Amino acid sequence: MIRSLVKGTGSALPKKIVTNDDLAQRVDTSDEWIRERTGIQQRHIAEEGETTSSLAIDASRRALDAAGMAASEIDLIVLATATPDQTFPATATKVQAALGCRPIPAFDLAAVCSGFVYAVSVADGMIRSGQAKTALVIGAETFSRILDWEDRATCVLFGDGAGAIVLQGAEVAEDGPGILASRLHSDGEHCEMLYVDGGPSTTGTVGKVRMKGREVFRHAVVNLAEVLREVLDAAGVEAGEIDWVVPHQANARILDATARKLGLPPEKVVVTVDRHANTSAASVPLALDLAVRDGRIKPGNLVMLEAMGGGFTWGASLLRM
Ligand code: ACO
């Protein structure tokens, strides 16, 4: 059977680090409140000149290096973001130009924090249907540019960054590597729980992030537990067989609660929310890259990617490295 194999991972973070104490100088908050409620200690924030595309390009180059591949081998780019450089053209086309790829399909995908899991599923489908052989799948964000820096309930939660993977189709045995199953969902009934209060066809502005945090939290735990079960059933795998969960890094308490619902020990969850905060579509590939590079995730490991975000959108993908 043809499966999509992860051939390399890469990531990039802005140089500037902003601590909770730094934020406490700006809004009425404290290091203690932020750590206790979210697990966040610091986040990276893009400075002038650092953009979603520049972070995406750096992460992509590292993923290609790790895969030992030239950009000319890529025949598809899918970039998940809610903070594109411009409304159009797609940020993916900037990556295509900067890497010097051939005139291959390159497009952005908007599913906010679930964007990377959506992008993996779309690229996997295109590879398995024969439309592409080798895909660059990217999650990249500069959420700092759409935060209301006077709203303490949201501005403390997010950070900037990018992560990328190279996926390549190959004929493998049933127990071989590659993406085993993915499931995606959305429910627009809840769009007012987490949204941006602007856009080209409404206000004509970019807008700022607005969120009902408690409601988001409640839905996240239920939806994620359900989709994880669905993916495990689709792949015929027991939760206990998972080596690593690489979740969207929204909040340490959501990570704990989701792992508990699956009966997985917290040691199997890759956590970066303390250092990166919530980087939306970038958080899963950033965490994946970190755990691959520090040697925790090894070839043959069973890895679950999962995310939930504005829309609501949510999804999960199970793969063998
Ligand atoms: N510093 C200090 N106090 C704060 C801050 C802050 N940064 N933010 C809010 N508060 C105050 C509120 O004003 C409120 O005060 P009040 O009781 O006097 O009115 C109090 O803290 C409690 O506020 P809640 O919003 O009820 O606090 P809660 O315990 O729910 O924690 C949080 C808030 C951390 C946002 C939590 O709801 C959460 O993590 N939700 C998930 C949201 C999320 O992760 N969104 C990311 C995008 S979606 C996703 O990625 C899954």
Side-chain angles (χ1 to χ4, degrees), residues 18-43 80-83 110-118 139 141 143-144 146-161 163 184-188 190-197 207-228 245-259 261 269 271-274 276-287 305-316:
V18 174
T19 64
N20 294 344
D21 285 331
D22 294 334
L23 288 180
Q25 316 261 327
R26 264 177 108 142
V27 286
D28 181 14
T29 189
S30 65
D31 178 48
E32 192 192 355
W33 192 96
I34 301 170
R35 275 180 200 247
E36 224 169 68
R37 305 283 179 125
T38 70
I40 297 166
Q41 298 175 22
Q42 61 169 52
R43 71 286 291 142
T81 191
T83 48
V112 207
C113 301
S114 316
F116 184 75
V117 175
Y118 266 66
E141 302 275 17
F143 245 61
S144 62
I146 56 165
L147 293 176
D148 175 350
W149 286 100
E150 286 174 10
D151 176 15
R152 67 177 183 174
T154 52
C155 77
V156 303
L157 302 176
F158 297 91
D160 301 331
L184 307 174
H185 292 282
S186 71
D187 186 355
H190 302 293
C191 60
E192 81 292 353
M193 304 272 184
L194 179 54
Y195 64 101
V196 165
D197 61 1
K208 301 287 182 203
V209 174
R210 305 292 169 207
M211 182 177 71
K212 293 181 182 150
R214 195 159 280 208
E215 299 302 320
V216 174
F217 192 106
R218 199 166 54 79
H219 283 274
V221 177
V222 174
N223 291 342
L224 288 172
E226 277 174 15
V227 76
L228 291 172
V245 181
V246 182
H248 169 51
Q249 310 282 324
N251 180 310
R253 290 185 299 150
I254 296 181
L255 304 189
D256 289 347
T258 311
K261 280 213 164 201
V269 181
V271 178
T272 56
V273 69
D274 51 340
H276 302 163
N278 180 347
T279 56
S280 184
S283 87
V284 171
L286 259 167
L305 314 179
E306 49 104 321
M308 140 111 190
F312 292 134
T313 55
W314 65 102

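Atom set for the values below is all heavy atoms of this structure, side chains included, hydrogens, waters and symmetry mates excluded. Everything numeric in this text was worked out from a predicted model, so none of it was measured. In listed order, ligands and their atoms are each counted from 1.
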- State whether any protein heavy atom lies less than 4.0 Å from atom 30 (O) of ligand 1. yes
- Message: Out of all atoms in ligand 1, which are within 4.0 Å of some heavy atom of T29? Include the element for each.
- Response: 1 (N), 2 (C), 6 (C), 7 (N)
- To the nearest 0.5 Å, atom CD of E36 lies from atom CG of D31 at 10.5 Å
- Message: Does ligand 1 come near enough to S30 that some N or O of the ligand is less than 3.5 Å from an N or O of the residue?
- Response: no
- Task: Could you list which atoms of ligand 1 come closer than 4.0 Å to a heavy atom of L194?
- Result: 47 (C), 48 (S)
- Should you measure from each heavy atom of N278, which atoms of ligand 1 turn up under 4.0 Å away? 46 (C), 47 (C), 50 (O)
- Message: If we count only non-hydrogen protein atoms and require a distance under 4.0 Å, does atom 17 (O) of ligand 1 qualify as touching the protein?
- Response: no
- Item | For L157 against M211, the heavy-atom pair lying closest together | CD1-CE, 3.3 Å
- What is the nearest protein non-hydrogen atom to atom 24 (P) of ligand 1, stated with its residue, atom name and distance? R214 NH2, 4.0 Å
- Query: Parallel under 30°, tilted from 30 to 60°, perpendicular over 60°: which one fits the rings of W314 and H185?
  - Reply: parallel
- Item | Those atoms of ligand 1 less than 4.0 Å from some heavy atom in N251 | 34 (C), 38 (C), 39 (O)
- Query: Which is closest to atom 13 (O) of ligand 1 by heavy-atom distance: Q249, H219, M193, R152?
  - Reply: R152
- Query: Is there a side-chain contact between L23 and V18, using heavy atoms and a 4.5 Å cut-off?
  - Reply: yes
- Message: Give me the residue, atom name and distance of the protein heavy atom closest to atom 45 (N) of ligand 1.
- Response: M211 SD, 3.0 Å
- What is the closest protein heavy atom to atom 50 (O) of ligand 1, and at what distance does it sit? H248 NE2, 2.8 Å
- Message: I'd like to know if atom 20 (C) of ligand 1 has any protein heavy atom within a distance of less than 4.0 Å.
- Response: no
- Task: Give yes if a backbone or side-chain nitrogen or oxygen of R37 is under 3.5 Å from a nitrogen or oxygen of ligand 1, and no if not.
- Result: yes
- Query: Going by the order shown, which atoms of ligand 1 are within less than 4.0 Å of some heavy atom of T38?
  - Reply: 34 (C)
- Using a 4.0 Å heavy-atom cut-off, say whether V156 meets ligand 1 through its side chain, its backbone, both or neither. side chain
- Using a 4.5 Å cut-off on heavy atoms from C-beta on, say whether the side chain of Q249 contacts that of V271. yes
- By number and element, which atoms of ligand 1 are closer than 4.0 Å to a non-hydrogen atom of M308? 49 (C), 50 (O), 51 (C)
- Message: Please determine whether any non-hydrogen atom of I34 lies less than 4.0 Å from an atom of ligand 1.
- Response: no
- Message: Under 3.5 Å, is there a donor on one side chain and an acceptor on the other for E141 and T279?
- Response: no
- Query: Numbering the atoms of ligand 1 from 1, which are under 4.0 Å from a heavy atom of R253?
  - Reply: 29 (O), 31 (O), 36 (C)
- Nearest heavy atom to atom 37 (O) of ligand 1 wins, so pick from S114, G213, A250. G213
- Would R43 and N20 count as a side chain to side chain contact (heavy atoms under 4.5 Å, CB included) if you check the C-alpha gap in whole Å, the side-chain angles of each, and the deciding distance to 0.1 Å? CA-CA 8 Å; R43 71 286 291 142; N20 294 344; 2.9 Å; yes
- Message: Among all the protein's non-hydrogen atoms, which is closest to atom 10 (N) of ligand 1, and how far away is it?
- Response: W33 CZ2, 3.4 Å
